[in-house]
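Before any comments, here is the structure.
Numbers restart at 1 for each chain; the letters A, B, ... are given by sequence-line order, proteins then strands.
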2 protein chains.
Amino acid sequence: MTGLAHPDIDEIVLSDVLAALGDETRLAIVATLARNEHAAMTCSQFLEFGSKTALSYHFAKLREAGLISVRPEGTRRLISLRRADLDQRFPGLLDSLIACHAASPAGAEP
Amino acid sequence: MTGLAHPDIDEIVLSDVLAALGDETRLAIVATLARNEHAAMTCSQFLEFGSKTALSYHFAKLREAGLISVRPEGTRRLISLRRADLDQRFPGLLDSLIACHAASPAGAEP
DNA sequence: TGCCTTGTTCAAGGTTTATTGAACAATGGA
DNA sequence: TCCATTGTTCAATAAACCTTGAACAAGGCA
C-alpha cells in the first residue's frame, strides 16, 4: 500500500495550491466541499464534474497539494477540505478564494 | 501590430489567475511588482528570475490572465500590477495572496 | 550612419497535464 | 457465494507548458 500520502502542514506550498486551483474542475470541487463542510462527501457525489477516472486524477492532485484529505471508509473514500490546516498555513486565503469563486462562478450569466 | 491585448476587468477569470500564479517564477514576479508598486518596472529588472525569452513568455501569461499591464515606452516596456482592476474584480484576493507568499516565500529556510 | 540596448518571435525540444477506456481491487449485501 | 458498487491503476493520446538559442524589430545615442 502506498497509503494515500498527505503533505504535512508545513510542506504545503503556495504555488502548488494555486496550480491545483488553476483548473475549473478542481476549483468547482473545492467550492463544493466548502459549501458542504458539515457533511462527509464521497467521490461519487462529484460525477457531474467528470468521469470516475478524471475525478480520481483531480482528487489526487488536490490531495498532493494539501487541499483535501481522503480517508478510506469501507468501499468508498471520504473527502474533506483541510480547512484548519490551510487556515493555519495560509490564513485567510481559502476564505478569500471561495468568496471570489462564489462571486464569479465558472458558469456566470452568458 | 497585435497590440498587447489585455482582458477587460470582467473578462478576468479566477482559474486563469490562479493558474498563472501556480508557477514559482510568476508568483515571484507578481510579489516583486507588489513590493514596488510605486515605481515603474521594466522586464530587465527581473532577469534574476530567468532569461529574456523566459521572462517574455511569463509576462505574456500574466498579461493574458489579467494580472499585469504592459505599456511600451520607447525601447522598453513598463510593467505594472493591475491592482485596482483586480481589487474590483476579486476584492481582497491579491492582498491575501501576497501576504501568504510573503509569509512563506519559495526559498524559505532549508 | 552605426551601434547598443531592450525586448519579441520563432522553431525546437522535453516535460507535464488532462482525458479516455479497459482492466483491476476491495468492500458489502443478497 | 455471487454480484453490485466504489474507486484505482494502466496505457494511450492530444494538448499545453516551460526553456533554450538564434534571429529579428525598434528606439536611443554616439
Side-chain angles (χ1 to χ4, degrees), chain A residues 1-6 13 15-30 32-33 36 39-80 106, chain B residues 1-7 13-30 32-33 36 39-80 106:
Chain A
M1 64 138 185
T2 36
L4 277 265
H6 295 74
V13 175
S15 63
D16 289 351
V17 168
L18 300 181
L21 294 177
D23 174 280
E24 293 283 7
T25 301
R26 291 191 293 260
L27 198 49
I29 289 173
V30 167
T32 302
L33 285 169
N36 299 348
M41 302 202 68
T42 65
C43 302
S44 59
Q45 295 180 261
F46 294 88
L47 282 173
E48 59 177 311
F49 298 129
S51 67
K52 276 194 315 176
T53 311
L55 288 177
S56 194
Y57 171 78
H58 288 305
F59 284 128
K61 283 274 173 198
L62 291 170
R63 175 175 49 76
E64 288 159 9
L67 278 158
I68 65 175
S69 79
V70 183
R71 176 166 44 99
E73 180 112 337
T75 167
R76 66 188 87 183
R77 313 258 163 144
L78 269 35
I79 316 283
S80 53
Chain B
M1 65 137 184
T2 35
L4 279 264
H6 295 74
V13 175
L14 181 58
S15 63
D16 290 350
V17 168
L18 300 180
L21 295 177
D23 175 279
E24 294 282 8
T25 301
R26 292 191 293 261
L27 197 49
I29 289 173
V30 166
T32 302
L33 285 169
N36 300 338
M41 303 203 67
T42 66
C43 301
S44 58
Q45 296 180 260
F46 295 88
L47 282 172
E48 58 176 312
F49 297 129
S51 67
K52 278 194 312 177
T53 311
L55 289 176
S56 195
Y57 171 78
H58 288 304
F59 284 129
K61 281 277 172 196
L62 290 170
R63 176 175 49 76
E64 287 160 9
L67 278 158
I68 67 175
S69 80
V70 183
R71 176 166 44 100
E73 182 113 334
T75 167
R76 67 188 84 183
R77 312 258 163 143
L78 268 35
I79 316 284
S80 53

Legend entry - B/S56 side chain near C/dG7 phosphate (N/O to OP1/OP2, under 4.0 Å):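 So the side-chain polar atoms of B/S56 never come under 4.0 Å of the phosphate oxygens OP1 or OP2 of C/dG7.
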Inset, instruction - May I ask you to verify if any side-chain N or O of A/H58 is less than 4.0 angstrom from the OP1 or OP2 atom of C/dT19? - result: yes
Between [X] ([atom1]) and [N] ([atom2]), how many Å, whole number?
X	N	atom1	atom2	answer
A/R26	C/dT19	CZ	P	8 Å
A/E24	C/dT17	CD	P	18 Å
B/D23	D/dC17	CG	P	11 Å
A/L78	D/dT5	CG	P	19 Å
A/L55	D/dT8	CG	C1'	12 Å
A/Y57	D/dA15	OH	C1'	12 Å
A/R71	C/dA26	CZ	P	20 Å
B/R63	C/dT9	CZ	C1'	13 Å

Can you measure from [atom1] ([X]) to [atom2] ([Y]) and round to the nearest 0.5 angstrom?
X	Y	atom1	atom2	result
A/I79	A/M41	CD1	CE	9.0 Å
B/I29	B/F59	CD1	CZ	4.5 Å
B/L67	B/L27	CG	CG	10.0 Å
A/I68	A/K61	CD1	NZ	12.5 Å

Of the listed nucleotides ([options]), which one gets closest to any side-chain atom of [X]?
X	options	result
A/S51	D/dT6, C/dT20, C/dT9	C/dT20
A/T53	C/dA22, C/dT17, D/dC17	C/dA22
B/K52	D/dT19, C/dG7, D/dC17	C/dG7
B/R76	D/dT6, C/dG7, C/dT19	C/dG7
B/C43	C/dG7, D/dC18, C/dT19	C/dG7
A/T75	C/dA18, D/dC18, C/dG28	C/dG28

Inset, instruction - Please work out if B/S44 contacts a base, only the sugar-phosphate, or nothing of the nucleic acid, heavy-atom cut-off 4.0 Å. - result: sugar-phosphate
Legend entry - Check: A/A28 main-chain N/O paired with A/T32 side-chain donor or acceptor under 3.5 Å: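 Looks like yes, one N/O pair under 3.5 Å.
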Inset, instruction - Could you check A/T25 against B/R77 and say which one's nearest nucleotide on DNA chain C is further toward the 5' end? - result: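 Its nucleotide being nearer the 5' end, the pick is B/R77.
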